[in-house]
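To find a chain, count down the sequence lines: A is the first, B the second, and so on, and within it residues start at 1.
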2 protein chains.
Amino acid sequence: MKFSTQEEYGLRCLIQIATGTVAKPMTILEISQREGLTSTNVAKILHMLKNEGFIEGLRGQSGGYVLSRSPESIKVKDILDALGGNLYDDSFCERHAGSKAICAHDSGCSVRSLWQRIQEAVNDAIGDMNLADLMGTSRFQLKEGMVSLIQAEKVGRS
Amino acid sequence: MKFSTQEEYGLRCLIQIATGTVAKPMTILEISQREGLTSTNVAKILHMLKNEGFIEGLRGQSGGYVLSRSPESIKVKDILDALGGNLYDDSFCERHAGSKAICAHDSGCSVRSLWQRIQEAVNDAIGDMNLADLMGTSRFQLKEGMVSLIQAEKVGRS
DNA sequence: ATGAAAGTTGACCTAAAAGTCAAGATTAAA
DNA sequence: TTTAATCTTGACTTTTAGGTCAACTTTCAT
């Protein structure tokens with residue numbers, strides 16, 4: 001059982017954006033330097049996060065990336081789902097059934113219930129954790145009202 | 001977050017061996033047919049399981065594979081660890097730190113604590129589950145004393 | 001002994017994920 | 001309007017996990 005690098009890097013990029021975009025949007029270059037990743041790779045990851053609706057790209061000379069909503073409203077579970085997919089879902093049995101299609105319809109498939117059980121445990125553990133919770137141990141902590149400031153800035157521009 | 005196919009197939013092969021080897025050792029061909037996998041692939045997986053000490057290969061015309069100890073004493077956690085490695089371990093930060101080595105020694109690494117938290121949840125969920133527990137929903141249930149019969153057969157031969 | 005059934009080994013092939021590259025399009029500030 | 005900084009896109013390369021193949025060794029039943 002492993003995390004994909006997309007999950008790891010995506011989450012870290014999100015945390016960077018969340019903690020760093022108080023004064024101004026955070027650029028790809030900035031994120032790549034802070035996380036030690038190449039800027040092209042960061043660009044790819046951010047593009048994915050944008051498609052999933054977590055962040056927003058602001059173009060132009062003073063552009064960069066910004067959270068599309070408050071960190072409190074972005075659930076860790078949603079992030080992980082978007083970046084790496086679920087541990088267990090309905091397609092799992094098909095992918096792992098081998099040449100026989102016994103798994104999905106066979107009540108004797110005892111492995112499936114184990115995967116489901118583990119999945120539930122993970123979901124419980126993550127629970128209602130959100131992006132703001134992950135920012136707790138970071139150097140810069142977003143304070144009350146900062147997000148709305150960013151939001152206002154965005155609205156004012158568009 | 002995904003399971004590797006090794007974890008999936010390995011676990012299923014183990015269950016097959018555990019439930020099927022009451023009368024005689026289970027052959028690679030038999031397992032491959034029941035699970036819909038190629039026999040060469042099953043051979044590779046079983047070899048791995050053997051190296052990890054879960055099963056034992058019996059050679060010769062009436063050979064096959066047998067559990068090396070009772071299904072009650074084989075913990076699911078140990079199986080998963082052997083087949084797929086841990087979700088989080090000490091090498092994780094190195095692998096995912098990018099070019100900077102900030103993660104392992106930086107208390108500001110907020111992602112790490114999340115991974116650890118999830119790992120703990122999984123461990124709790126699996127807890128003391130053993131191979132015998134997974135056999136519960138299978139067609140053939142191993143009954144009291146059967147394992148010792150197999151053990152006796154093995155001892156008698158050597 | 002001998003042959004058939006079984007496991008063993010290591011090299012090889014394939015497919016999917018991860019990461020890179022380069023050209024292009026968009027935007028805001030001067 | 002020009003320029004510089006940004007994002008966007010799609011094709012390409014690299015890496016790694018998964019799976020295959022074929023020759024070999026071991027063992028038991030006859």
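- One N or O on the side chain of A/S68 and one on the backbone of A/G53 form a donor-acceptor pair closer than 3.5 Å.
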Revision key, fill the gap. With sugar-phosphate taken as primed atoms, P, OP1 and OP2 and all else as base, the protein-contact string of nucleotides 4-19 of chain D at under 4.0 Å (heavy atoms; B, S, -) is SSSSSS--------SB
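- Taken from CD in A/Q16 to CZ in A/R34, the straight-line distance is 5.5 Å, to the nearest 0.5 Å.
- By the side-chain contact (heavy atoms from CB on, under 4.5 Å) test, B/D124 pairs with no residue at all, sequence neighbours left out.
- Applying the salt bridge (Lys or Arg N to Asp or Glu O under 4.0 Å) criterion to B/K50, with sequence neighbours excluded, gives no partner residue.
- With rounding to whole Å, A/E7 atom CD is found 13 Å from C/dG19 atom P.
- Counting to the nearest Å, the P atom of C/dA17 and the CE atom of B/M1 are 17 Å from each other.
- B/K2 has its NZ atom 16 Å from the C1' atom of C/dA18, to the nearest Å.
- Inspection of the A/E7 and A/S4 side chains reveals an N or O donor paired with an N or O acceptor under 3.5 Å.
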